[in-house]
Amino acid sequence: MLGIFIWRYPTQEREFRACRVVAAILDRAAVVEGKNLTIRSTSALEELKADSPNLWYVVSSGDLVSEYGSERRPALPFAFPYHGPVGSSVFDTLDQTSTFCLAVVQRDSLQLAMMVGQHQVRFGRIARNLLFRNAFSIALVALAFAVTVAIGSALAARFVSRGIERVTRRALAIDPSAPQGSISLSGVPYELKPLVEALNRAFGEIDAYIRMQRRFLGNAAHQLRTPLTLLRAKIEDVPDPALKVELVRDVRRLTSLVSAMLDLARLQNRTIEKRPIDLAEITLDVLADFSPSALDAGIELALERTDEGPLLVQGVDAAVRSALANLVGNALIHAHGARRIVATLGRGSISVDDDGAGLPDDAEHRLLEPFQTGNSAGDGAGLGLSIVREIMAAHGGELVISSVPGLGTTMSLRFPESTATAKAPQLDLQAH
């Protein structure tokens with residue numbers, strides 16, 4: 001029984017839909033005027049007749065009856081005119097060989113009854129005609145739907161993009177060298193919260209690793225200082241003068257390395273206090289300190305300035321002196337073939353230029369990494385420029401290196417300018 005029902009249900013459903021279609025066609029075609037019931041010709045009715053060669057129908061309103069195809073109409077279980085309830089259904093003819101449609105509609109005070117049989121409804125044609133007749137309305141509805149979807153999509157995209165922008169700004173505000181900050185989840189879209197939580201966990205792990213690395217660096221340097229001091233004292237008792245000089249040089253190099261490691265650890269922890277300092281005075285003192293070494297190497301040291309007025313920045317005097325001394329010392333040692341080194345003072349900047357052989361390609365970035373040195377002889381710890389970079393980062397500035405092979409190298413310290421107005425000394429001479 002279930003199989004029969006499943007098999008019969010689509011057929012019955014199709015017949016019922018066809019019944020409603022032909023009833024609507026006849027309802028639109030039926031005209032009741034006084035004592036006359038007329039079925040006027042319409043395009044839909046003519047199409048129905050063309051598609052249904054055995055079509056018959058009976059339309060009644062009260063005692064008025066209009067019939068088509070009576071010669072094809074079988075015996076029906078209902079008498080004419082029909083006075084039943086309003087509605088529509090499909091019935092079998094008395095001989096049980098076919099079905100027919102019965103539909104009753106209410107027209108104001110009149111009731112219109114329709115019985116139709118042997119109709120062949122082409123739903124594709126009806127749907128096409130419906131589209132043609134209602135093209136404007138359908139297009140208007142489709143346009144309204146498209147506009148609604150577009151506005152909704154734009155609003156959703158804007159909401160998500162604003163959330164991404166907020167998360168991006170908060171992430172960029174975190175210091176990469178000390179990422180102990182976290183991105184607040186307030187105002188973050190629900191879809192982005194898992195990503196933000198994962199970023200916060202990553203920032204926490206990175207910060208813990210950086211702190212551990214800095215503690216190790218500082219502790220190792222502190223632990224090495226005492227053995228080096230004791231070793232230096234024991235070297236004084238070495239009887240061989242040549243060996244003593246060599247050991248003193250090696251211990252001095254180790255001591256310099258340890259001091260550089262301590263300086264690097266302190267700078268990375270940003271444990272400095274800033275005050276207004278004069279770049280012109282610092283530069284003059286550093287060049288004076290290196291003048292004897294420059295004379296021995298046959299290199300000219302010169303001082304120039306491109307900007308008049310105060311040359312003050314916020315910083316630590318000793319740290320800036322150390323940074324500039326590193327640059328000048330590097331130029332004297334590593335600028336092969338250099339005959340002149342010029343320190344140029346500008347507003348908030350110091351540049352050290354040499355006319356040596358320059359650096360190999362991509363060496364500028366490599367030299368900024370710890371324990372990297374451009375000296376093939378192996379002198380130096382390779383921490384000088386790393387410390388300079390950390391000094392500048394602690395001052396809110398930067399170290400910029402540019403070099404052209406065969407034309408020399410320029411290393412610049414660029415500071416944020418101070419608002420102090422102290423007058424800088426006049427520098428109108430060169431250090432040779």
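All figures in this text were calculated on a predicted structure; none of them were measured in a lab.
Of the inter-residue distances, the one linking S66 atom OG with L37 atom CG reads 5.0 Å to the nearest 0.5 angstrom. Distance check, rounded to the nearest 0.5 Å: CD1 of I341 to OG1 of T409 gives 10.5 Å.
Taking L55 as the reference, L48, K49, S52, Y57, Y68, V116, H119 meet the side-chain contact (heavy atoms from CB on, under 4.5 Å) condition, with sequence neighbours excluded. Scored by the side-chain contact (heavy atoms from CB on, under 4.5 Å) test, D95 finds P74, T93, T97 as partners (sequence neighbours excluded). Judged as a salt bridge (Lys or Arg N to Asp or Glu O under 4.0 Å), and not counting sequence neighbours, the contacts of D317 are R321. Applying the salt bridge (Lys or Arg N to Asp or Glu O under 4.0 Å) test to R107 and every residue at least two apart in sequence or in another chain returns D27. In terms of the salt bridge (Lys or Arg N to Asp or Glu O under 4.0 Å) criterion, E46 has no residue partners (sequence neighbours excluded). Partners of S351 according to the side-chain contact (heavy atoms from CB on, under 4.5 Å) rule, which considers only residues two or more places apart in sequence or in another chain, are T344, D353, T410, S412. Applying the side-chain contact (heavy atoms from CB on, under 4.5 Å) criterion to R339, with sequence neighbours excluded, gives D355.
Applying the salt bridge (Lys or Arg N to Asp or Glu O under 4.0 Å) test to residues at least two apart or on different chains, none of the pairs has a partner in residues 139-148. Counting only residues at least two apart or on different chains, the disulfide (SG to SG under 2.5 Å) pairs with a member in residues 39-103 are C19-C101. Residue pairs meeting the disulfide (SG to SG under 2.5 Å) criterion with at least one partner in residues 29-61, sequence neighbours excluded, do not occur; the list is empty. Each salt bridge (Lys or Arg N to Asp or Glu O under 4.0 Å) pair with one or both residues in residues 67-94, not counting sequence neighbours, appears once here: E67-R73. Among residues at least two apart or in separate chains, there is no disulfide (SG to SG under 2.5 Å) pair with a member in residues 27-88.
Dense packing is recorded around CD of Q106, with more than 12 heavy atoms of other residues, nucleotides or ligands lying under 6.0 Å away.
With contacts defined as side-chain heavy-atom distances shorter than 4.5 Å, the pair T38/V32 does not qualify. In this structure, R414 and I350 have side chains that are not in contact, with every pair of non-hydrogen atoms separated by 4.5 Å or more.
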